[in-house]
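What follows is one structure encoded as structure tokens, with my remarks underneath.
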Amino acid sequence: MKKVTVLKSLIILLALSAFASCGGGSASSADSAGDTLSLDYSCLLTIVDHEEYTEVAVRNPWDSTRILNTYVLVPSSVPLPKRLPSGTVVRTPLSGALIYSSVHNSLVCELGAATAIKGVCDAQYIHERFLKKRIADGEVVDCGNSMSPDIERIIALSPDAILLSPFENSGGYGKLGQLGIPIIECADYMEISPLARAEWMKFYGMLFGRQEFADTLFSHTVKEYKALAALVDSVSYRPKVLIDRLYGQSWYVPGAESTMGRFIEDAGGANPFVEYKRSGSIGLSAEEVLYKAQDADVWAIRYSQPADKTLDEFGRDNAIYREFGAFKNKKVYGCNTRNVRFYEEVPFHPQWLLNDLIMLCHPELLQVKGNRYFTEFVIE
């Protein structure tokens, strides 16, 4: 037990050291029996490959001094080793998982492991055709709303793991955490860059026995993303980019260290809220957003409704929208997520969104073609 404790301490120290540099390091030995896999972008993952298992440490996104969770991946084809480090043991590949988010369901399908999905939450947001058919045919169980899932259905389902997104100060998982089912906390959305989030596909590939495919897919994503970003390296004009709109009383804007903030920068744009040195979004009032971004050149809005929104309709949603320069200059672009697979695709294909944002910021760059998500609001 003492050796295991010492080994665990070394793993955590190595993880914190790796997180400080946020990727870019070369593979190195974690201890005499394990090798740390090189991650080039992720700040939250450390993966150590051992002879009998793989140890994955997930840093706490809200407290950099702590580990959120540690997963010990053991192939289901071999007996469970007698001596394992502390952590959540997961037998791989998963063959009957419950996956809360359409984002991760979509990736697992793309990795070729759709039949390993046994249950989902928020089924109404799933666009993946094969998965929708399996839900309709009763082959995949709908466990209800991800914020308050049907525990009885989950118990009856008996999945071999539950993949969900953690939240700050959530207070744990209540009865769900008492079922003895491994809970995989998918904190990829808290990474500080698009490629850092996308790199989590390597971890998910390990979980579902599709590691090689995931590695290849990620390499392709990086190549395309970096080629696009290089097109705007030398641009002298960086238009201000405003994102989204009011939701209730708050307008969630991207912090300087958020993935959307990085998207704007990599697209050759300027984030009006760069002063907020935070990852994730910051909730502001409409008046605060108007004060800081009234002169925004480009406005990209995500919304969901049956018919595509028009500019006049958008202006009627809230009178303050008409005060922004981008609205007055008719530089407002919309992505109707009811009909477009934005949320399912972008986390693991960030190059597709980057392409759109470059087109919005720098239409003069003729090398960039095609809008996948954002189109100009129709003027009535």
Side-chain angles (χ1 to χ4, degrees), residues 15 18-27 36-47 56-59 61 64 101 103-104 106-108 110-111 165 186-207 210-233 235 238 241 243 254-271 274 277-281 300 341-362 367-368 372-374:
F19 295 146
S21 63
C22 292
S26 59
T36 300
L37 276 64
S38 177
L39 295 174
D40 296 319
Y41 301 94
S42 174
C43 290
L44 299 180
L45 286 176
T46 294
I47 302 175
V56 182
V58 179
R59 171 194 175 192
S64 61
S101 168
V103 170
H104 301 103
S106 183
L107 175 66
V108 172
E110 186 173 5
L111 293 178
S165 298
C186 304
D188 51 87
Y189 77 100
M190 288 299 295
E191 289 282 3
I192 63 173
S193 76
L195 290 178
R197 182 177 190 181
E199 194 164 25
W200 276 62
M201 71 172 71
K202 295 180 178 180
F203 173 38
Y204 300 132
M206 292 177 177
L207 288 173
R210 302 292 290 168
Q211 182 176 354
E212 185 175 343
F213 186 95
D215 290 348
T216 300
L217 182 61
F218 181 67
S219 295
H220 181 72
T221 294
V222 171
K223 182 179 179 180
E224 288 195 349
Y225 190 98
K226 294 179 77 170
L228 285 166
L231 296 175
V232 299
D233 276 348
V235 296
R238 289 182 169 263
V241 181
I243 299 293
E257 298 175 358
S258 66
T259 54
M260 184 56 75
R262 184 60 181 271
F263 266 123
I264 293 172
E265 179 182 341
D266 289 347
N271 181 5
V274 71
K277 307 297 183 183
R278 289 178 52 187
S279 61
S281 300
R341 297 179 58 183
F342 180 93
Y343 292 112
E344 290 174 294
E345 293 179 345
V346 168
F348 300 105
H349 292 285
Q351 72 274 28
W352 296 345
L353 174 57
L354 182 64
N355 184 90
D356 270 28
L357 293 177
I358 292 175
M359 287 197 67
L360 303 191
C361 293
H362 297 282
Q367 307 98 309
V368 184
R372 190 180 186 94
Y373 305 113
F374 289 95

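All figures in this text were calculated on a predicted structure; none of them were measured in a lab. Just so it is clear, the values below take in all heavy atoms, side chains as well, and ignore hydrogens, waters and symmetry mates.
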Note to self: Would you compute the distance between atom CG of Asp188 and atom CZ of Arg197 and round it to the nearest 0.5 angstrom?
What the structure shows: 4.5 Å
Next item on the list: Rounded to the nearest 0.5 Å, what's the gap from CD on Gln211 to OG1 on Thr216? Could you check?
Entry: 10.5 Å
Checklist line | Verdict with supporting geometry, Met201 and Leu107, side chain to side chain contact (heavy atoms under 4.5 Å, CB included) | finding: CA-CA 8 Å; Met201 71 172 71; Leu107 175 66; 3.9 Å; yes
Checklist line | Heavy-atom side-chain proximity of Gln351 to Leu228 below 4.5 angstrom | finding: yes
Next item on the list: Can you see which heavy atom on Cys43 is nearest to which on Ile192, and at what distance?
Entry: SG-CD1, 3.9 Å
Next item on the list: May I ask you to decide if the ring planes of Phe348 and Tyr204 are parallel, tilted or perpendicular, using 30° and 60° as cut-offs?
Entry: perpendicular
Margin query: To check you understand the geometry: which heavy-atom pair defines the closest contact between Ser193 and Arg262, and what is its length?
Written below: CB-NH1, 3.9 Å
Check: What distance do Leu44 atom CG and Phe203 atom CZ have between them, rounded to the nearest 0.5 Å?
Finding: 12.0 Å
Note to self: Do Leu217 and Leu111 make a side-chain contact, defined as non-hydrogen atoms from C-beta onward lying under 4.5 Å apart?
What the structure shows: yes
Note to self: Taking the side chain as everything from C-beta on, heavy atoms only, tell me whether Val241 gets closer than 4.5 Å to Leu360.
What the structure shows: no
Checklist line | Within 6.0 angstrom of Gln367 CD, more than 12 heavy atoms from elsewhere | finding: yes
Notebook entry, point to check: When you look at Trp200 and Glu191, which way does the side chain to side chain donor-acceptor pair (under 3.5 Å) test go after all the steps?
Noted result: CA-CA 10 Å; Trp200 276 62; Glu191 289 282 3; 2.8 Å; yes
Check: Quick one: does Asp40's side chain get under 4.5 Å of Val222's, heavy atoms only?
Finding: no
Notebook entry, point to check: To the nearest 0.5 Å, what is the distance between CG (Leu207) and SG (Cys186)?
Noted result: 8.0 Å
Next item on the list: State, to 0.1 Å, how close Arg238 and Val232 come at their nearest heavy-atom pair, and which atoms those are.
Entry: NH2-O, 3.8 Å
Check: Any side-chain heavy atom of Tyr189 within less than 4.5 Å of one from Val103?
Finding: no
Next item on the list: For residues Phe342 and Trp352, determine if any side-chain heavy atom of one lies less than 4.5 Å from a side-chain heavy atom of the other.
Entry: no
Note to self: Restricting to non-hydrogen atoms, name the atom on Ser38 and the atom on Lys202 that form the minimum distance, rounded to 0.1 Å.
What the structure shows: O-NZ, 4.0 Å
Next item on the list: Taking all heavy atoms of Leu39 and all of Leu45, pick out the closest pair and write down the distance.
Entry: CD1-O, 3.4 Å
Next item on the list: Give the minimum heavy-atom separation between Ser258 and Pro254, together with the two atoms involved.
Entry: OG-CB, 3.4 Å
Next item on the list: Can you spot which of Glu110, His220, Glu224 makes a side-chain hydrogen bond (donor to acceptor under 3.5 Å, both in side chains) with His349?
Entry: Glu110
Item checked: Test item: Leu37 and Met206 side chains (from C-beta on) under 4.5 Å apart, heavy atoms -> yes
Check: Do Met260 and Ser281 come close enough that some side-chain heavy atom pair is under 4.5 Å?
Finding: no
Check: When rounded to the nearest 0.5 angstrom, what distance separates SG in Cys361 from CG in Leu354?
Finding: 9.5 Å
Note to self: Working to the nearest 0.5 angstrom, can you tell me the gap between Leu357 CG and Asp266 CG?
What the structure shows: 10.0 Å
